[in-house]
Engineer: 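Pasting a structure here, questions to come.
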Amino acid sequence: MSAPAQPLVSIRDVTRTFTRGSENVHVLTGIELLVNDGEFLALMGPSGSGKSTLLNLIGGLDRPTAGSVAIGEERVDKLSDRQLAAWRARHIGFVFQFYNLLPALNAERNVELPLLLTGLNKAARRRHVAAAFEAVGLTHRAKHFPRTLSGGEQQRVGIARAIVTDPTLLLCDEPTGDLDRKSGDEILSLLQSLNREHGKTIIMVTHDPHASARASRTVYLDKGQLSTTPTT
Amino acid sequence: MLSLIQLFSVAWYNLRSLPERKAAALTAAVGIAGVVGVLVGVLAIAEGFRRTMTVSGSPEVAVVLRSGSDGEMTSGLERDATRTIGDAPGVARNGAGPLSSAELFVIINLPKRSTGTDANVPLRGVEQGAFDVRGNIKMEAGRRFATGRNEVIVGAGAARSFAGLEIGKSIKVGQNDWQVVGIFTADGGLAESEIWTDTAVLQPAYHRNNSFQSVYVRLTSASAFPQFKDTLTTDPKLNVKVMRLSDFYEEQSNAVTKFITTIGVFIASLMGLGALFGALNTMYSAVAGRSREIATLRALGFGAGPVVFSVLVESVLLSILGGGLGAAAAYLLFDGYRASTINWQSFSQVTFAFQVPPLLLAKAIAGATLIGLLGGLFPALRAARQPIAAGLRES
Ligand SMILES: Nc1ncnc2c1ncn2[C@@H]1O[C@H](COP(=O)(O)OP(=O)(O)OP(=O)(O)O)[C@@H](O)[C@H]1O
Ligand SMILES: [Mg+2]
């Protein structure tokens, strides 16, 4: 990673305030964050510090109260809801703590879902799905329904779904939070290889120092602010 | 194209997940089935009654009453008048003379088969010409009454509803016993609810020596009616009103048909409101139970439109399913089901069969679809407006 890195994600002076009843909750207060293309960034912090909130802003699921969020050339905070949906489909792959697979669809159908938003025909979709299963090492489970898969397997399907459209950015919110150590390690290895071998830019929220150790950089969120060292 | 794929894939996924909430879905569908069943059932009563009252009303048959009377009960005509009417231009003739029948209409009491309690039955005195005038009277069993004898023939509907009207039995009219000698049909029309006898025998029994209540005539053709009517209404010696039989029956049935329809629509509206809230409730909880899935789809990049569409599709399909079940049940239970009710114009029993015409079924299912659309709309909008980040947090 010695090439001059362009910041892929640039977050400038971002504030996010929620109103709960008559009270204002200032979750993020003046966040500055640059993430380069090809980085594997871990985002840590105490529970309730706003990690998911920040990740949602980057992924275009939410808009900042103030400040700017740019991914590549796109000012995400300026897009309409409709534009955001289309933008997410093209550029973002989400991996969730509880997998969020659709229970009525088998693994293959779950992974195919994001491809329905591209113009790909059936044959092309099938090729992409097969490649994604290959990448997560779960080809033999493609026809299984989520409830018949272990947690680790479900998360692999979740990752396959996140990468099947070859997105610009992979956003993972506690991807190992629901897994035992062994399965968690396998998932982390998978993410790491996606980063190293396929050049995927990954931002991963985690509580677990084991997980952040796999990342190329770790930032800490506390009391609305980011820092490069843990504040305990 | 892309958005169509979105639309249908989300709707399809949603339907695939329906079995996970089948209890609630079935409850909503059954509620709607109930509404449609009751609505179709009640309207089938009204439709069946109207049919019975109008089916036998041939446009070639005219009925003449005293002017100002609102039915046969309140009418009265003297012998001279009935002769003038029979001889009027436009009346068909055969070898025996004009096809006309001067008739007497009285009410007697007989025990109902179902309850054993007495109810009103019309007893009609007719002349032999009445059979040719009506044209649709067929003897189902036995024979016609003989002229000048205390004999009656009984409409098939009356025979079914009332006890003691089998051939060979007798009924008491005034002081005398009258024997049942035949059972007749009238194409399912009103006459099947009546008992007929010779008007010349009925007159003395009821002390109506030379008076009648109505004259029925068969016209040479339907188009002869205006001339027939004008001749009688402009005759200074007569004081009559002249109607086509079909119009007369229509008028007679209107009050009852309207009454039943009004009650039916009222009950069905109340039930429909209940079913609407049932559907709303079902769809709100379906949407609430799926909020994480919906948020996931939205996070992947699916738009709000497909989410709204998928909820509406589910709700409308459930309603159509319920409506179809209700309509089918109503059809199987009610079509052709026989009943009797009071004809308020003559205060006598009319027997009729429920009628469930296809148009009625179609309307009822359309109503169910509307309930489904309304019941799905607000939950669908709520599902689409729910913030994605919040939806993802739900467990
Ligand atoms: N939509 C919202 N409305 C109101 N408050 C919210 C909303 N979303 C988040 N919050 C609040 O913002 C704060 C940060 O929430 P967030 O989920 O980002 O924390 P987190 O760091 O991801 O926590 P955890 O480690 O438990 O996942 C919490 O206090 C939360 O209650
Ligand atoms: Mg979180």
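So that the names make sense, note that chain A is the first sequence line, chain B the second, and so on, each numbered from 1.
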Engineer: Check each atom of Asn56(A) against the heavy atoms of chain B and say whether the ones under 4.5 Å are side chain, backbone, both or neither.
Structural biologist: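 Side chain of Asn56(A) only, per the 4.5 Å heavy-atom cut-off to chain B.
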Engineer: With a 6.0 Å cut-off (strictly less than), is the heavy-atom count around CD of Glu32(A), excluding the residue itself, greater than 12?
Structural biologist: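 Yes - once you tally the heavy atoms of other residues, nucleotides and ligands closer than 6.0 Å, there are more than 12.
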Engineer: Begin from the C-alpha positions of Leu105(A) and Trp12(B) and carry the test side chain to side chain contact (heavy atoms under 4.5 Å, CB included) through to its verdict.
Structural biologist: CA-CA 10 Å; Leu105(A) 302 182; Trp12(B) 180 78; 3.8 Å; yes
Engineer: Do Leu117(A) and Gln6(B) come close enough that some side-chain heavy atom pair is under 4.5 Å?
Structural biologist: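 Result yes, sub-4.5 Å side-chain heavy-atom pair found.
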Engineer: Please evaluate residues Leu297(B) and Leu102(A) with respect to the criterion side chain to side chain contact (heavy atoms under 4.5 Å, CB included), reporting the C-alpha separation (whole Å), side-chain torsions for both, the decisive distance (0.1 Å), and the verdict.
Structural biologist: CA-CA 9 Å; Leu297(B) 285 169; Leu102(A) 304 191; 3.8 Å; yes
Engineer: Counting heavy atoms not belonging to Arg160(B), are there more than 12 under 6.0 Å from its CZ?
Structural biologist: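 Buried by this count: over 12 neighbours within 6.0 Å.
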Engineer: Return yes when atom CZ of Arg113(B) has more than 12 non-hydrogen atoms of other residues, nucleotides or ligands closer than 6.0 Å, and no otherwise.
Structural biologist: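 Atom CZ in Arg113(B) is crowded, with more than 12 foreign heavy atoms closer than 6.0 Å.
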Engineer: Considering only heavy atoms, which portion of Leu18(B) lies under 4.5 Å from any heavy atom of chain A: side chain, backbone, both, or neither?
Structural biologist: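 Neither; nothing under 4.5 Å.
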Engineer: Taking heavy atoms only and a threshold strictly under 4.5 Å, list by residue number the residues of residues 301-314 of chain B that touch chain A; give 'none' if the list is empty.
Structural biologist: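 Contacts with chain A: Gly301(B), Phe302(B).
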Engineer: What are the two closest non-hydrogen atoms of Pro103(A) and Glu20(B), and how far apart are they?
Structural biologist: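 Shortest heavy-atom separation between Pro103(A) and Glu20(B) comes out as CG-OE2, 3.8 Å.
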Engineer: Sort by residue number and list every member of residues 141-165 of chain A having a non-hydrogen atom under 4.5 Å from chain B.
Structural biologist: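 Within residues 141-165 of chain A, the residues that come under 4.5 Å of chain B (heavy atoms only) are Phe145(A), Arg161(A).
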Engineer: Got a sec: does the CZ of Phe18(A) have more than 12 other heavy atoms crowding it under 6.0 Å?
Structural biologist: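 Buried by this count: over 12 neighbours within 6.0 Å.
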Engineer: Which residues, numbered in order, of residues 118-133 of chain A come under 4.5 angstrom of chain B by heavy-atom distance?
Structural biologist: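 Expected list: Thr118(A), Gly119(A).
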Engineer: Only pairs of heavy atoms separated by less than 4.5 Å count here; which of Leu113(A), Leu84(A), Asp173(A), Leu101(A) has the most with chain B?
Structural biologist: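 Looking at each option in turn, the highest pair count goes to Leu113(A).
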Engineer: Keeping the roles fixed (side chain from Arg88(A), backbone from Leu300(B)), state whether a donor-acceptor pair exists under 3.5 Å.
Structural biologist: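 Judged by distance alone, no pair lies under 3.5 Å.
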Engineer: Please check if the number of heavy atoms outside Phe334(B) that lie under 6.0 Å from its CZ is greater than 12.
Structural biologist: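 Yes, the 6.0 Å shell around CZ holds more than 12 heavy atoms from other groups.
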Engineer: Hey, which residues of residues 22-36 of chain B are touching chain A, say heavy atoms under 4.5 Å apart?
Structural biologist: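 The list, in residue order, is empty: none.
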Engineer: Supply the atom-to-atom distance Asp81(A) CG to Arg385(B) CZ, rounded to the nearest 0.5 angstrom.
Structural biologist: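 Separation between the atoms: 11.5 Å.
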Engineer: Between Phe94(A) and chain B, with a heavy-atom cut-off of 4.5 Å, which part of the residue counts as in contact: side chain, backbone, both or neither?
Structural biologist: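 Only the side chain of Phe94(A) comes within 4.5 Å of chain B.
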Engineer: Distance from Tyr13(B) atom OH to Asn110(A) atom CG, nearest 0.5 Å?
Structural biologist: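 The CG atom of Asn110(A) is 7.5 Å from OH of Tyr13(B), to the nearest 0.5 Å.
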Engineer: CZ of Arg109(A): more than 12 outside heavy atoms within 6.0 angstrom?
Structural biologist: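 Counting other residues, nucleotides and ligands, CZ of Arg109(A) stays at 12 neighbours or fewer.
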Engineer: Side chain to side chain contact (heavy atoms under 4.5 Å, CB included) for Arg292(B) and Asn100(A)? Distances and angles first, verdict last.
Structural biologist: CA-CA 8 Å; Arg292(B) 197 154 77 106; Asn100(A) 287 22; 2.3 Å; yes
